[in-house]
Amino acid sequence: MPDKLQPVRGMRDLLPGDQAHHLHVVDTARRVAALYGFAEWSTPILEDTRVFSRSLGETSDVVAKEMYTFADRDGDSLTLRPEGTAAVCRALVNNGLTQTLPQKVFYAGPMFRHERPQAGRYRQFHQIGAELMGPSEPLADAELIAMARAILDALGLRDGITLELNTLGDTESRAAWTAALVEHFGRHRDSLSEDSRARLDRNPLRILDSKAPRDRSLVAEAPSLDRFLTDSARRHWDDLRARLAAFGVPFTERPAIVRGLDYYGHTVFEFTTDRLGAQGTVLAGGRYDGLVAEMGGPSVPSVGFAAGVERLAMLSAAPPAPAAPVVVVPMAEAAQDAAIAALQALRAAGIRAETAYRGNVRRRMEGANRLSAPAAVLIGEDELARNTVQLKDLRSGEQRELPLADLVRAFGPR
Ligand code: HAM
């Protein structure tokens with residue numbers, strides 16, 4: 001016997017229960033995004049590798065270690081998208097949409113990262129995301145964050161998820177701060193964890209994100225960006241917090257948020273929970289004013305977020321199961337076509353209806369009970385001759401005969 005083939009490590013099949021839950025998460029997000037004026041885009045799952053390598057930062061973990069990159073049959077280097085933002089920027093430029101701003105984009109779909117799989121972390125996962133492209137005003141950041149909060153609220157996640165907010169300042173603030181960080185961590189290079197020592201040369205900001213115990217006190221003593229903010233960066237930060245208050249969105253300031261992707265400036269934020277173990281970030285994003293220009297377009301200041309659908313599904317209640325079907329059972333071979341007519345009439349009226357494909361009447365009735373059918377439609381030779389059906393209430397056991405033409409009406413107005 002050939003071996004049973006397995007799905008790729010870190011990738012899962014979504015069977016009806018999980019799939020329905022995922023769809024519920026995506027539909028809920030889509031509905032809220034529409035209320036805020038966001039329109040849905042779909043970009044390809046495969047992109048030219050440079051779409052990501054240019055934008056996410058060569059030294060980011062995603063680009064350095066996690067991308068599914070391969071040469072296709074023409075020798076072009078392609079990558080399975082690890083996230084949606086870079087692709088949306090590429091699409092904005094390619095479709096000439098930088099002339100018609102703002103663009104408010106919603107998207108949903110699979111993403112791929114070669115990470116170590118664990119609960120809440122997969123190699124194929126799904127995101128819902130939104131990008132608000134054009135406005136540089138803090139009002140845009142605040143409205144986008146308010147929409148993220150509204151999506152979580154609509155999923156019943158008002159409690160237990162906290163918004164953590166930070167600013168990375170503008171380029172000038174960040175350059176001064178980075179220099180101060182390099183000096184601080186450089187003075188203690190030997191005490192740093194191995195990972196952080198490597199980051200010191202490549203991407204010192206990421207040291208602040210270190211989970212290594214031996215980095216903890218050095219990170220706590222590190223100079224904060226606050227001292228280095230330029231006046232305009234400070235204005236953006238102050239305005240954002242005032243606007244968020246006007247939107248009624250509570251937040252906690254957390255200077256340690258630096259995010260794993262390199263395209264951010266000014267606002268960064270994460271919605272986190274302690275209900276998911278180590279993978280506590282549910283939704284995250286920030287402002288990225290330079291990314292569209294890196295895709296060969298003009299400068300288009302933008303802000304966005306994405307959330308893991310798996311994580312939202314783990315936290316939220318599953319949607320109610322669909323109503324059980326009416327089951328149609330022919331009691332004689334000759335009644336099969338009449339049974340088909342009854343099935344199709346029910347479905348055309350929007351009533352879920354199923355039939356069994358084989359077996360005697362008893363077996364077919366057992367099938368109806370397995371489906372928890374509330375009612376069965378029985379058609380035997382007598383009914384066929386009279387052009388009627390027997391409608392049996394499977395809960396009370398009551399049965400009555402009615403004309404086939406009246407069957408749909410028996411299920412009441414819909
Ligand atoms: P990210 O923080 O890399 O940001 O991912 C956003 C969310 O996707 C995470 O908070 C998490 O819920 C989910 N996620 C990420 N990796 C995995 C994984 N391996 N398994 C399960 N869930 C995962 C971005 O992707 C940015 N594009 C967000 C953004 C949009 N920034 C601006 N616009």
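All of these numbers come straight from a predicted model, not from anything done at the bench.
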Between the side chains of Q118 and Q279, is a donor N or O closer than 3.5 angstrom to an acceptor N or O? yes
Over 12 foreign heavy atoms within 6.0 Å of CD, Q399: yes
Could you check whether atom CD of E221 has more than 12 heavy atoms from other residues, nucleotides or ligands sitting under 6.0 Å from it? yes
When you check the side-chain N and O atoms of D141 and H236, is any donor under 3.5 Å from an acceptor? yes
Heavy-atom donor-acceptor pair, R81 side chain to I45 backbone, under 3.5 Å: no
Are E47 and R90 within salt-bridge range, i.e. N to O under 4.0 Å? yes
Quick one: does V93's side chain get under 4.5 Å of V300's, heavy atoms only? no
Quick check on R363: does its CZ atom have over 12 non-hydrogen neighbours (other residues, nucleotides or ligands) under 6.0 Å away? no
Check the angle between the aromatic planes of H21 and H24 and answer parallel, tilted or perpendicular using the 30° and 60° thresholds. tilted
Ring-face cation of R241 near W237 (centre distance under 6.0 Å, axis angle within 45°): yes
Between the side chains of E131 and Y107, does any donor sit under 3.5 Å from an acceptor? yes
Would you mind reporting whether L371 and V327 have side-chain heavy atoms less than 4.5 Å apart? yes
Could you tell me if S60 and D262 have a donor-acceptor pair between their side chains, going purely by distance under 3.5 Å? no
Are a donor atom and an acceptor atom from the side chains of R364 and N360 found within less than 3.5 Å of each other? no
Between the CG atom in N95 and the OG1 atom in T100, the distance rounded to the nearest 0.5 Å is 10.0 Å
Output, in order, the C-alpha distance, side-chain angles, deciding distance and verdict of salt bridge (Lys or Arg N to Asp or Glu O under 4.0 Å) for D289 and R287. CA-CA 6 Å; D289 290 346; R287 177 163 279 285; 2.7 Å; yes
If you count heavy atoms of other groups shown closer than 6.0 angstrom to CG of D3, is the number above 12? no
Less than 3.5 Å apart, any donor N or O on the side chain of T162 or T252 sitting next to an acceptor on the other? no
Any F305 side-chain heavy atom under 4.5 Å of L132 side chain: no
I'd like to check Q103 versus W41 (side-chain heavy atoms, cut-off strictly below 4.5 Å). Are they in contact? yes
If you look only at pairs with a residue in residues 25-41, which of them pass as a salt bridge (charged side-chain N to carboxylate O under 4.0 Å, His left out), with sequence neighbours excluded? D27-R30, R30-E40
Looking at R12, I'd like to know if its CZ atom is crowded, meaning that more than 12 non-hydrogen atoms belonging to other residues, nucleotides or ligands lie closer than 6.0 Å. yes
Judged by atom type as modelled, is there a donor-acceptor pair below 3.5 Å linking the side chain of T273 to the main-chain atoms of G160? yes
Between R370 and E366, does at least one N-O distance fall below 4.0 Å, as a salt bridge requires? no
Among residues at least two apart in sequence or on other chains, which ones pass salt bridge (Lys or Arg N to Asp or Glu O under 4.0 Å) with D393? none
Sole residue of R259, E164, R254 in side-chain contact (heavy atoms from CB on, under 4.5 Å) with V268: R259
A quick test of your reading: do over 12 heavy atoms of other residues, nucleotides or ligands sit less than 6.0 Å from NZ of K392? no
Distance-only side-chain donor-acceptor flag, Y263 / T85, under 3.5 Å: yes
Between T388 and E401: side-chain donor-acceptor atoms closer than 3.5 Å: yes
